[in-house]
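Okay, structure first, notes after.
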Amino acid sequence: MRAPPPPQSPSPSASHAAMACVVTSEVAAVLAIMRRNVRWAAGGDDDPLDHPLVAGLKSLRRAAAAWGTRRWRDVEPLLYLGPFLDVVRSDEAGAPATGAALSSLHKMLSLDLVGPDAPNAVEAMSAVVEAVAGCRFEVTDAASEEAVLARALQVLLACVRGRAAPALSNRHVCDIVNTCFRVVQQAGAKGELLQRVSRQTMQEVVRCVFARLPDIDPTAVADHKIAGSKNEASSASEMGNGSDSVCLSSSQDEVGCEFGVVQDKAMMELFGVPCMVEILQFLCSLLNIAEDSQVDPNMNPIDFDEDIPLFALGLINSAIELSASSIQRHPKLLAFVQDELFCNLMQFGLSDSPLILSTVCSVIFTLFYHLRRELKLQIEAFFACVILRLTQSRYGASYQQQEVALETLVDFCQQKDFMVEMYTNMDCDLQCSNVLEDLVNVLSKSAFPEESTLSTLNLLALDGLLAVIQAIAERIGNLPQHCQQPVQELSEYFSFWQLKCENIDDPDQWVRFVNQQKSIKRKLMVGVEHFNSDKRKGFEYLQAAHLLPEKLDPQSVALFFRYSPGLDKNLLGDYLGNHDEFSIQVLHEFSRTFDFKELNLDAALRLFLETFRLPGESQKIQRILEAFSDRYYEESPDLFVNRDAALVLSYSVILLNTDQHNVRVKNKMSEEDFIRNNRRINGGNDLPRGFLSELYYSICRNEIKTIPEQGVGCSEMSFSRWADLMFKSKRASAYIACHSYPFLDHDMFLIMARPTVAAISVIFDNVEQEEILTRCIDGFLSVAKLAAFYHLNDVLNDLVVALGKFTILSIAFDDPATAFGEDAKARMATEALFTIAATHGDHINRGWRTIVDCILRFHKIGLLPSCLTNGTAGDQESFSASLPSKVSSSSPAAPQVEPIRIPKKTYGLMGRFTQLLYLDAEEQRFQPTEEQLAAQRNASETIKKCQIGTIFTESKFLQADSLLNLARALIQAAGRPQKITSSIDVESNAVICLELIVAVTLNNRDRIVLLWRDVYEHITHIVQSTVMPCNLVEKAVFGLLDICQRLLPYKENLVDDLLRSLQLILKLDARVADAYCESITQKVACLVKDNATHIKSQMGWQTIISLLCVTAHHPDASDAGFEALVYIMFEGAHLSPANFVLSVEASRQFAQSRLGSAERSIHALNLMAESVNCLARWSHEVKEAGGEAERMLEGITEMWLRLAQALRKVCTDQREQVRDHALVLLHRCLVVDGISVPSSAWLMSFDIVFQLLDELLEIAQNFSPRDYRSMEASLLHAVTLLSKLSLQSLNDLSAHSGFSKLWVEVLDMVEKLMKVKVRGSSRTEKLQEAATELLKNILLAMKASGILSRTRAGGESSLWEATWLQVNKIAPSLQSVVFPGYDDAVQGSQSKLDIPAVSEGRLVPV
């Protein structure tokens, strides 16, 4: 289908023809109504007796037909409106005719027959308004009267709504509003329909009037005096009676009266600002009608419910809603709104009616939204004197008042920039109160229920706090970097009280300005506290802070007294009344800070005395009143001829105030007495009687408080205080708009964080509705987000602690797992808690304890997943195997939910054995219900959502302080183990905490230095306090080994500390060590295999090898220990100077151990023997490297000797195979090539061999052959060893000073061998032959090298003599064999020493 064509606009000729038709039809309609009355039905159309009203209408009908389309545009509107207006004005026309005429006028105006460009449109619109306002008609019945009044309202509304409205003058607009209000008053005694229509019509009229304000050019408004100004305003109770004023006829029972319109040039101008000011003035005057005024009982109840003040407020609200955005463009209108309108709203804001209060708040909310830049101090006063009073029951506010006030406050809080602008413009202004702090405090307090149940007030307060917090959270990230500026401290005093920001649109400037002002304000508050306790200390502090000059001057002190809130008013009054010159100067400067212009004497005196308490001494009162009078006379010189007159009258007012309001004065002063007392005080003349009478009654009605309230805020707004506020507003700093930038959010959040957390907590604790709980959780998360963003860790930790109270920790039922699943609040709190921990863990410190307690509680009731820390690291398989397994079967990974059972905790061998015995006998728990299963599923899902394990797996991303506090929280929760048996739950907690500590440590290998001390101390306490095997000590030992194994490759600087920690294992109680020795050895073996290259220090190797040595004597662990030792020593792969001696010693212990086979002992001996190759290699490397070769060679020699010593110890082993193999390997070790052995070391090696021979001889002679078999063969091996050693070292030792002694010892040893009697063996010839051969070979070698010679150089013939002296004892025949021809010498020696000859032995070659 084709769309229909758009409608065509009528041509001008057609519209003009239609206008003629409208006029003709309306004339006919009015005539028809009039003809019903016999008065108007005299004759035909041409009857000369027609009434002028009828004749006019008929004439109009003929003229309308004659006006062609060309002439209609030039027709003056009065020509076709006039006949209808005549009917409306006529007293003779009845209600039906008047109503018909009004309907015709309404139709023509609604159809815009009258345009603003029509000829003489101004006169036409004026005539319409005047005619309707002066409407007169005969009332025949109530219904007709109401219909006429309703139509009159329609015409007036059409006047201001139509296109011709700009042709109205200001006076006629006021007439329209006045007439509408008259109808509203008259409707109070009529039908409900008229009441509603009249109110609605007046509402529309006001809306139409003020809707035109945006279109009015402010430059076109003449600067004339505006009717309704402050001094000339008329009110609803004072009707102007000027000759030009107009009014609507009314009865005498009206509630109010019209407002007058002063006929001046401004009001005669066309529709503009003056009429709007006049209308607002009139509406404000309606507020003075008492809320509880008595009404006629015959009036409809609607008039009682919606009284005149409420109706006026509704009109004001409508006007402000439409015009507020344009008011600031019109200074006169803005001045009225700032002063009189806001003052009336403030005074009416404490109304007992919730409806009135709500409307007042709505008006002020609209003003704030559009005009807050122009209403800075007024807004502060509204919150201080209205909202803060009504939100607190201690000021007498009813519940309904509190509810409305809180609703208003919440509306304000939901404006994103409200609180930040309050803080910027009020809290950071020296002359304003701390509005943000006060509002936050009242919201927080209002959130606390007075009883156990929550009320609407509590929830409203929560909404307000959450709105502010969420607004701050949304602004995160909007801060430009250049606005982060430090606060500049004052370096010297300057007059900062009237300081203003140069450019409030430049964030750099106003942020700096606001921060400086707030810094000054904080210091001022401290100075005020000091002053209240001690004036001298207060001044000293303020001078030190450069808030007062170093040399006090009266003006600076006066400004401090005037504008610093919180001063003790008693102290201030005493100071101002002092008689010293400086105090008097301060007093006069103080009085000059007041503006008394346009204030009556009593109002000025009230304002002055509100700032301090008037002292009781007459002299002080005299000085204070003198200063006041001087200032008042300066501000208002027209009333008094001199200052003395003002002073006398001020004294008289004080006396009158005391007389009227002191209960002890019985005979009160009358008006005549007061006037008589003040005769001729004005320079010999009397003051005006009316002025004194007004002053008298003002004092009688309202006492001057000579003892003002201490502190600031929440006091009622008096006229004098409002006047002072207007004076301050002219000098106040400009209102700063923050435009959603978080420049000051940090300071704001710091103020409101803790009250907000407390408020959310108390609501969360007392509510069960899921929606409210969700809002509380969102609030908690927003606070956490902000606290983390601004690094306010204390706030975040307080939040964590508060939130933890609602988690699983709050459940104390017999079946906590099921109860947790059924408790939505606990589950929501738990999820929020672990969300905060996972998201903002960097900023948590003491709060970790709460989180750990939750985890332990979940573990206790069997909800903690077994995979809690399985993913702590990629290669932590060994540790994962030992993670907590005592959890419920309702793991998040399980596809089905099984009944949750709290597992039995049994530890140790006996516990496990008992558990196995009674496993089959355990009774099956009762089967859970469907509700319990659902609760268990909820609990499992909650734990799964919490992702508890990420806290520990992601701990490597935590900040250092948070990480350390997490570890300490786990340690603290684990507790200090006691040597006595602890409860099962305590041990269970300690075990899970220990596992998590180890997991955290392993995940933070790069920061092990941070954690190590606390972790090591905790494990130490466990090890030292445990005397029996248990799960805890097992986890501690193997956790320590895991830490070392995992971290050694990455922390070279901590290798020694880590390995030193393993010494704890050596300190284990014997029973504990025995129980876990095999497993410990396996872990140590793995550690060695994985980290041998990283162990460098001797201390580290000493710890490792000490652990291996322990296993040498343990039947289960020795094989694993020996395997680790083989890994170290095989082919010297991991031998180093640091572990050589330790490894050799360990190998010796394994070689001597009888737990293993002889083959293992031989293997151990081979490892020892092979290690000598490392010594040779190191010796070679040292020689090539040079440098400190000598010192290093000494170390190698020492290791060589320690190796020989170790082998010597095995050479006495009971097992023949091991003993003989050890002797062979010792032989190889001592005669090895490649090691540079100094002579001193050779001497020490002989000591080793001598010791070995002595031990072998001892065994051979004293021990049973069954214990030590083939000892003679072992002795033969030892003799061969001595022979080889002697021959190899002969040349090196011959020049040594101790050679002679060594040689004598060798001879002594040979002598012992010759004389030994081996037990169990009857023949020792082989041993003796070997000893003789040993001696012969040495003597031949000494002879060949020239060592043994009778004539040896150096005069050492004593060696020759001593040798043969000893040899002859052993084998006298050796002399002839070695030195043939020297028998005489021998004989001589024998005779000389008187030694008997020894029979010659046989020489049997070996």
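One is the number of the first residue; the rest follow in order along the sequence.
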For H172 and V129, which heavy atoms make the closest approach, and how far apart are they? O-CG1, 3.7 Å
Are L81 and M108 close enough that some pair of their side-chain heavy atoms sits under 4.5 Å apart? yes
State, to 0.1 Å, how close A131 and L85 come at their nearest heavy-atom pair, and which atoms those are. CB-CD2, 3.7 Å
Heavy-atom pair with the smallest gap, counting every atom of V206 and A319: CG1-CB, 3.8 Å
Check side-chain contact (heavy atoms from CB on, under 4.5 Å) between S110 and all other residues, then give those that pass, not counting sequence neighbours. H106, A158
Can you list the steps and then say if V386 with V360 is a side chain to side chain contact (heavy atoms under 4.5 Å, CB included)? CA-CA 10 Å; V386 177; V360 169; over 6 Å; no
Provide the closest heavy-atom pair for V88 versus A101 in the form atom of the first, atom of the second, distance. CG2-CB, 3.9 Å
Just by distance, do the side chain of Q401 and the backbone of S351 share a donor-acceptor pair under 3.5 Å? yes
With salt bridge (charged side-chain N to carboxylate O under 4.0 Å, His left out) as the rule and sequence neighbours excluded, what pairs involving residues 356-375 come up? R372-E421
Looking only at heavy atoms, the pair that brings V173 and C275 closest together is CG1-SG, 3.8 Å
Side-chain (E146) to main-chain (G191) donor-acceptor, under 3.5 angstrom: yes
Given side chains that start at C-beta, do those of L283 and N344 come closer than 4.5 Å, heavy atoms only? no
Would you say the side chain of I279 lies within less than 4.5 Å of the side chain of L315, judging by non-hydrogen atoms? no
With a 3.5 Å distance limit and no angle check, can you tell me whether Q195 reaches the backbone of K190 through a side-chain donor-acceptor pair? yes
Results of side-chain contact (heavy atoms from CB on, under 4.5 Å) for T201 - residues two or more places apart only: L153, L157, V197, V205
From D339 atom CG to L375 atom CG, the distance as rounded to the nearest 0.5 Å: 11.0 Å
Evaluate side chain to side chain contact (heavy atoms under 4.5 Å, CB included) for L280 paired with M276, printing each intermediate quantity in order. CA-CA 6 Å; L280 285 177; M276 298 182 187; 5.6 Å; no
Going by the rule salt bridge (charged side-chain N to carboxylate O under 4.0 Å, His left out), which residues pair with E403 if we only count those two or more places apart in sequence or in a different chain? none
Measuring only between side-chain heavy atoms, which start at C-beta, is V27 closer than 4.5 Å to F84? yes
Applying side chain to side chain contact (heavy atoms under 4.5 Å, CB included), run through S353 and L310 and close with a yes or a no. CA-CA 9 Å; S353 169; L310 180 59; 5.7 Å; no
When you measure from the side chain of Q378 to the backbone N and O of Q338, does any donor-acceptor pair fall under 3.5 Å? yes
Between F181 and V177, is there a side-chain heavy-atom distance shorter than 4.5 Å? no
Set of side-chain contact (heavy atoms from CB on, under 4.5 Å) partners for A324, sequence neighbours left out: I320, T366, H370
Pairs satisfying salt bridge (charged side-chain N to carboxylate O under 4.0 Å, His left out), at least one member in residues 358-370, at least two apart: none
Selection residues 315-327 - residue pairs positive for side chain to side chain donor-acceptor pair (under 3.5 Å), sequence neighbours left out: Q203-S318, N317-E321
OH of Y369: more than 12 outside heavy atoms within 6.0 angstrom? no
With F368, which residues qualify under ring-ring contact (aromatic ring centres under 6.0 Å, His included), at least two apart? F412, F418
Would you say that C284 contacts F336 through its side chain, given a criterion of any heavy-atom pair below 4.5 Å between the two side chains? yes
Candidate pair Q347 and W722, rule side chain to side chain contact (heavy atoms under 4.5 Å, CB included), full reasoning: CA-CA 10 Å; Q347 292 176 354; W722 184 260; over 6 Å; no
Can you tell me how far the OG1 atom of T179 sits from the CD atom of E130, to the nearest 0.5 Å? 10.5 Å
Counting only N and O atoms by type, is there a donor-acceptor contact under 3.5 Å from the side chain of S729 to the main-chain atoms of M726? yes
With rounding to the nearest 0.5 Å, note down the distance linking CG in L168 to SG in C159. 6.0 Å
So, taking the atom named CG in L355 and the one named CD in Q400, what distance separates them when rounded to the nearest 0.5 Å? 11.0 Å
If you compare all heavy atoms of A152 against all heavy atoms of L102, which two are closest, and at what distance to 0.1 Å? N-CD1, 3.7 Å
I'd like to check the side-chain hydrogen bond (donor to acceptor under 3.5 Å, both in side chains) partners of R212; sequence neighbours left out, ordered by chain and number. none
Tell me, which pairs form a salt bridge (charged side-chain N to carboxylate O under 4.0 Å, His left out) where one or both residues lie in residues 98-107, sequence neighbours left out? E26-K107
As an exercise, state the distance from CZ of F342 to CD1 of I379, rounded to the nearest 0.5 Å. 6.0 Å
Is the shortest side-chain heavy-atom distance between L357 and C361 below 4.5 Å? yes
With heavy-atom distances below 4.5 Å as the criterion, would you say the side chains of N170 and E278 are in contact? no
Value rounded to 0.5 Å, distance of CG in L109 from CZ in R163: 11.5 Å
side-chain contact (heavy atoms from CB on, under 4.5 Å) with L322: which residues, sequence neighbours excluded? R207, A211
Test side-chain hydrogen bond (donor to acceptor under 3.5 Å, both in side chains) applied to D411 - qualifying residues, sequence neighbours left out: none
